[in-house]
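Note sheet for the following structure.
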Number of protein chains: 2
Amino acid sequence: MNINTYDCGSVKHLSTLFKLLAEPNRLKILCSLGLECRPVSDIIESTELSQTNVSFHLRALREAGLVKPERKGAFIYYCLPDPELLRLLGDFRHWLEEHQKEKTVV
Amino acid sequence: MNINTYDCGSVKHLSTLFKLLAEPNRLKILCSLGLECRPVSDIIESTELSQTNVSFHLRALREAGLVKPERKGAFIYYCLPDPELLRLLGDFRHWLEEHQKEKTVV
DNA sequence: CAATCATATGTGTTAATATTCATATGTGTA
DNA sequence: TACACATATGAATATTAACACATATGATTG
C-alpha cells in the first residue's frame, strides 16, 4: 500500500451503509421521518409505497440500526435514533450541488 | 407532506451518488487514489482487482465526475477532482464508528 | 374470543449490477 | 510499420436486490 493511500477504514462497513442509502425509497423513508417518530401507516402515506415495500425497507434500515421501532398500542412508531445522520445526508446533498456547478464550469 | 418532513433535496441524485459509493471495490479505488493522481496500473495493483474490473468501475466513477482521467503518454492517470469527497467519506466513517458504539451501549 | 386493524414475513419473479472473457483502441519505440 | 504495453469496450453469465402476492402475527375493541 502506498503511503499516500487514504484510509477509508473498513470499506465493507462503509459500503453496506451506502448500499442502504442508495435505495431511493429508503432515502425517502428516512427523509419523511425527519426528526419525528411516525407510525408505519404515516410513512406509507407520505412515500406512496405499498405496505409490503415499506415494511421491507424498514426492516433493512432497522437491522442496520438506522431507524428504531417503538410500539405504541397497535401502532409501531419509527424514528432515527441518531439525527446526526440527517446532517450527513445534508452534507452530501450540499456537496452534490457544488460538485454539479463545478462540472458545468469545467 | 408533513411540515416536519426533512428535505433531502433530489432523492434521485443522492441515491445515485450513494449507489456509486456502495460498491466496495469502487470505494477501494477512491481510497487508493487518495489525494494523488495514479495510473490505472497502480490502482489495479493496490486493489488487487482484475484490469477489466477496475476499468469498469473507473468508467462509472468517471461518468459521474468522481474521478478525472488525464493521459500522460501511454498511461492514464486518475485523480479525484474534488478531494472534499474524501472528507465526506471520513465523516461517514466516523459516524459509523460512533454509531456502532451506541448500538452496543443500547 | 371473534373481528378488525397495523405491521411483518415467506416465496417467487423480475430487474439491476458486478464480473469475466475475448478483443479492440490508443501510445511509445525499435 | 510492426510490436509491446496500457487501458477500454462488448457480450455473456452470475449474483444480488427490489417488489408483489398471499398470509401470518400481534394488538384493540366489541
Side-chain angles (χ1 to χ4, degrees), chain A residues 2 11-33 36-81, chain B residues 2 11-33 36-81:
Chain A
N2 196 299
V11 164
K12 218 168 194 173
H13 288 162
L14 253 188
S15 75
T16 52
L17 173 58
F18 285 136
K19 203 165 291 175
L20 282 165
L21 299 175
E23 225 295 317
N25 291 330
R26 279 196 287 263
L27 266 184
K28 264 198 214 170
I29 290 175
L30 289 178
C31 295
S32 87
L33 281 178
E36 302 260 320
C37 294
R38 300 183 204 285
V40 180
S41 48
D42 264 32
I43 301 174
I44 293 172
E45 193 189 351
S46 64
T47 59
E48 294 179 312
L49 299 173
S50 73
Q51 184 268 316
T52 305
N53 201 3
V54 167
S55 200
F56 171 78
H57 288 306
L58 278 177
R59 155 134 80 158
L61 294 170
R62 188 201 324 137
E63 287 179 345
L66 297 191
V67 299
K68 203 181 57 181
E70 201 167 313
R71 184 173 280 271
K72 280 181 185 160
F75 293 77
I76 298 180
Y77 282 68
Y78 277 88
C79 18
L80 306 187
Chain B
N2 194 300
V11 163
K12 219 169 193 172
H13 287 162
L14 253 189
S15 74
T16 52
L17 173 57
F18 285 134
K19 202 165 293 175
L20 280 166
L21 299 175
E23 225 295 316
N25 291 330
R26 278 195 289 263
L27 267 184
K28 264 198 214 171
I29 290 175
L30 290 177
C31 295
S32 87
L33 281 178
E36 301 261 320
C37 294
R38 300 181 202 284
V40 179
S41 47
D42 264 32
I43 301 175
I44 293 172
E45 193 188 353
S46 64
T47 60
E48 295 179 312
L49 299 172
S50 73
Q51 183 268 316
T52 306
N53 200 4
V54 167
S55 200
F56 172 79
H57 288 304
L58 278 177
R59 156 134 80 158
L61 294 169
R62 187 200 327 138
E63 287 178 345
L66 297 190
V67 298
K68 204 181 58 184
E70 200 168 314
R71 181 170 282 260
K72 281 182 185 159
F75 292 77
I76 299 181
Y77 282 69
Y78 276 89
C79 18
L80 306 187

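For the numbers below, each heavy atom of this structure counts, side chains included, while hydrogens, waters and symmetry mates do not. Chain naming here is simple, since letters A, B, ... match the order of the sequence lines and numbering starts at 1 in each.
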message = I need the CD1-C1' distance between B:Ile43 and D:dA6, as an integer number of Å.
response = 12 Å
ask   = Just how far, in rounded Å, is P of C:dA6 from CG of A:Leu58?
value = 16 Å
Single hit among B:Arg38, B:Arg62, B:Lys68 for side-chain hydrogen bond (donor to acceptor under 3.5 Å, both in side chains) with B:Tyr78 = B:Arg62
inquiry  = Can you tell me how far apart CZ (B:Phe56) and CZ (B:Arg26) are? Round to the nearest 0.5 Å.
reply    = 6.5 Å
inquiry  = What is the distance, to the nearest angstrom, from the CD atom on A:Gln51 to the P atom on C:dT7?
reply    = 8 Å
query = Does a nitrogen or oxygen in the side chain of B:His57 sit under 4.0 Å from OP1 or OP2 of C:dT17?
reply = no
Euclidean distance, atom CG of residue A:Leu61 to atom P of D:dA17 [Å, nearest integer] = 14 Å
message = Does C:dT20 have OP1 or OP2 under 4.0 Å away from a side-chain N or O of B:Ser50?
response = yes
D:dT7 phosphate, OP1 or OP2, under 4.0 Å from B:Ser55 side-chain N/O = no
DNA chain C-proximal residues of residues 18-27 of chain B, any heavy atom under 4.0 Å = B:Lys19, B:Glu23, B:Asn25, B:Arg26
Reported CG-to-OG distance for the pair A:Leu49 and A:Ser32, which is rounded to 0.5 angstrom = 9.0 Å
query = Got a second to check how far B:Thr52's OG1 is from B:His57's NE2, nearest 0.5 Å?
reply = 11.0 Å
query = Hey, which of B:Leu61, B:Leu66, B:Leu30 is the one that makes side chain to side chain contact (heavy atoms under 4.5 Å, CB included) with B:Leu80?
reply = B:Leu30
request  = Figure out the CD/P separation between A:Glu45 and C:dT7, and round it to whole Å.
outcome  = 12 Å
key: 5' priority, DNA chain D, between A:Phe56 and B:Phe56 [closest heavy atom]   = B:Phe56
message = Measuring to OP1 and OP2 of D:dT7, would you say a side-chain N or O of B:Arg59 lies under 4.0 angstrom away?
response = no
ask   = To the nearest 0.5 Å, how far apart are OG in A:Ser41 and OH in A:Tyr77?
value = 7.5 Å
remark   = Separation between NZ (A:Lys19) and CD (B:Glu23), nearest 0.5 Å, reads 7.0 Å
ask   = Expressed in angstrom and rounded to an integer, what is the separation of A:Arg38 atom CZ from C:dT7 atom C1'?
value = 18 Å
pair B:Leu20-B:Thr16: side-chain heavy atoms closer than 4.5 Å = no
ask   = Which whole-number value in Å describes the distance from B:Ile29 CD1 to D:dT7 C1'?
value = 13 Å
Residues from residues 70-80 of chain A lying under 4.0 Å of DNA chain D - heavy atoms = A:Arg71, A:Gly73, A:Ala74
query = Would one find a side-chain N or O of B:Thr52 under 4.0 angstrom from OP1 or OP2 of C:dC21?
reply = no
inquiry  = Main chain of A:Ile43, side chain of A:Thr47: is a donor-acceptor contact present, judged purely on distance under 3.5 Å?
reply    = yes
